[in-house]
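Notes follow once the structure below has been shown.
From a predicted model like this one, the values you see are computed outputs, not experimental measurements. All chains are named by letter (A, B, ...) in the order of the sequence lines, taking the proteins before the strands, and each is independently numbered beginning at 1. Just so it is clear, the values below take in all heavy atoms, side chains as well, and ignore hydrogens, waters and symmetry mates.
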Number of protein chains: 2
Amino acid sequence: MVATQPDPEDLTARARIRDAALQHFGEHGFERATIRGIADTAGVSPGLVRHHFGSKQGLREACDDYLVKMVRRFNDQVRTDTQYSDLTYVAASRAALKPYQRYLARALVEGAAASLFDEMVKMSEEWLTDIDAKRSEPPFVSRKVRATLGTAMALGVPLLYQHVSRGMGVDIFSPEGDRLLSRAMLDIYSHPLISPEEAAMLIDALDKAPDRATPAEREATPGRPEEHHDD
Amino acid sequence: MVATQPDPEDLTARARIRDAALQHFGEHGFERATIRGIADTAGVSPGLVRHHFGSKQGLREACDDYLVKMVRRFNDQVRTDTQYSDLTYVAASRAALKPYQRYLARALVEGAAASLFDEMVKMSEEWLTDIDAKRSEPPFVSRKVRATLGTAMALGVPLLYQHVSRGMGVDIFSPEGDRLLSRAMLDIYSHPLISPEEAAMLIDALDKAPDRATPAEREATPGRPEEHHDD
DNA sequence: CAATTGACTATACGCGCGTATAGTTTCATA
DNA sequence: TATGAAACTATACGCGCGTATAGTCAATTG
């Protein structure tokens, strides 16, 4: 009961523009989305967009800020509610973020929304703390590394939701899809792909032979492999 | 002899354009990338791009086809080599696809490159077949569903490589980063987050109360939650 | 040696975009 | 009612883009 949004009904024009931008950016991407289209969806003139947000980039930043605030609030809320396990958190955040999912996906892949990702990692770390307490062997790597990887992997599902839905034969955002997804996640998270012994063995091999070039590594080398500067 | 291409070596202008496009599309996104910029990187005139690929969209499709062909060849190669486990495959494909990773990420998130994703799922399914043989309890869901989810989760890491690198404190494409990543993956894949008993219990709860609305589900409902038409 | 064909360039057109600016309405306050 | 600011609209400009077209050059072929 954190009474957040005053009323979805009489939203101010500024908020309507922001929501329309979230939608358009998510559906068409930042470049392809047009101020005119966003203004049209929001029911205002294109000029008003500029009046409120200064520029297209400003509008984007406002969208990012809004989402970060929303995720942060969601996390705080869940954090105080101890009934959630890691699994149900994943499911809950999947549901909560659903409307913004496409926007989120694009932003994250483009390297933006960093604080949002980090927020999720911190969340994962907290749960890992509990899980690690019940664990016998010491982990191979630090908790933060595992939390980071776990977060990225969990995000892979909504990020690729079109492909996942196609592969599962059901829209993962529909009730049935969500149910199937939850079952599958429970199965995956409760059944290791390899045994700890095998893993330890492979780690040993890894430490002894750090130079493990695959046959493909030699073959797949195109024009400019080493350049990735950010936008 | 129809030898239009004097050499299969990737030195023809057409190949250079394709490589430049892979790079530009990956770095700037499809919309933002310009034919002029691609032509410049390839060292040709913008007109030649059109001459060879017809249009910008045609160029994109050529890039997709090329990548699919490359992944397929990689898979075939690995498939015949039985020394690979699921884990090392993930690592190997991570290395092989590295130069195309940014392009891949954008394409996949935009819903394109579907056959590529499906190819990977098929690969995962084959390995799951072996793993399932050693498993006592029956899986909660079909193998394909688990393979699909596993693929999406594995892809989440390179998709979010900037965030993952930041969280791990090391570039995951550097040798050290790759090593740390492999260790972490081995740990995650060998240590379940929850016990099978807990999972079974949660599934039970899931089946009995299919309507599990979270507090956030009620709160986070923006303008148009139910619309997601594809491009 | 023409003659044809394909690789490649130079140049320009038209359109849609972000942006700028001037003008109009709404509304709180005195 | 007067007034000033803020919300909002109408209109236009300029630029960069994809695309189209005409032309040049090099290699192949009879």
Starting from the first five and the last five pairs of the helix from C:dC1-D:dG30 to C:dA30-D:dT1, work out the angle between the resulting helix axes, to 10 degrees.
10°
B:Arg50 vs D:dG18: side-chain N/O to OP1/OP2 distance below 4.0 Å
no
Any side-chain donor-acceptor pair under 3.5 Å between A:Tyr103 and A:Asp64?
yes
Side chain of B:Thr34 - closest among C:dG18, C:dT21, D:dC17
D:dC17
Identify whether the distance between the nearest side-chain nitrogen and carboxylate oxygen of A:Glu119 and A:Arg72 falls below 4.0 Å.
yes
Looking at A:Phe30, I'd like to know if the NZ or CZ of A:Arg106 sits under 6.0 Å from its six-membered ring centre while staying within 45 degrees of the ring's axis.
no
d(CD1, A:Ile38; C1', C:dC17) in whole Å
12 Å
Between the base of D:dG18 and the side chain of B:Arg36, is there a donor-acceptor distance below 3.5 Å?
yes
Within the sub-3.5 Å range, which N or O atoms of nucleotides 8-11 of chain C have a protein N or O partner, and how far apart are they?
residue : atom : partner : partner atom : Å
C:dC8   : OP2  : B:His52 : NE2          : 2.9
C:dT9   : OP2  : B:Ser45 : N            : 2.7
C:dT9   : OP2  : B:Ser45 : OG           : 2.6
C:dT9   : O5'  : B:Ser45 : OG           : 3.4

Please determine if A:Arg143 and A:Glu125 form a salt bridge, counting it only when a charged side-chain N lies under 4.0 Å from a carboxylate O.
no
Given 3.5 Å as the limit, does a donor-acceptor pair link the side chain of A:Lys144 with the main chain of B:Gly169, or not?
no
Does the side chain of B:Leu155 come within less than 4.5 Å of B:Met120's, by heavy atoms?
yes
Students often get this wrong, so: under 4.0 angstrom with heavy atoms, is A:Ala39 touching a base, only sugar-phosphate, or nothing?
nothing
Hey, does B:Ala33 reach any base, or is it just sugar-phosphate, or nothing, if we go heavy atoms under 4.0 Å?
sugar-phosphate
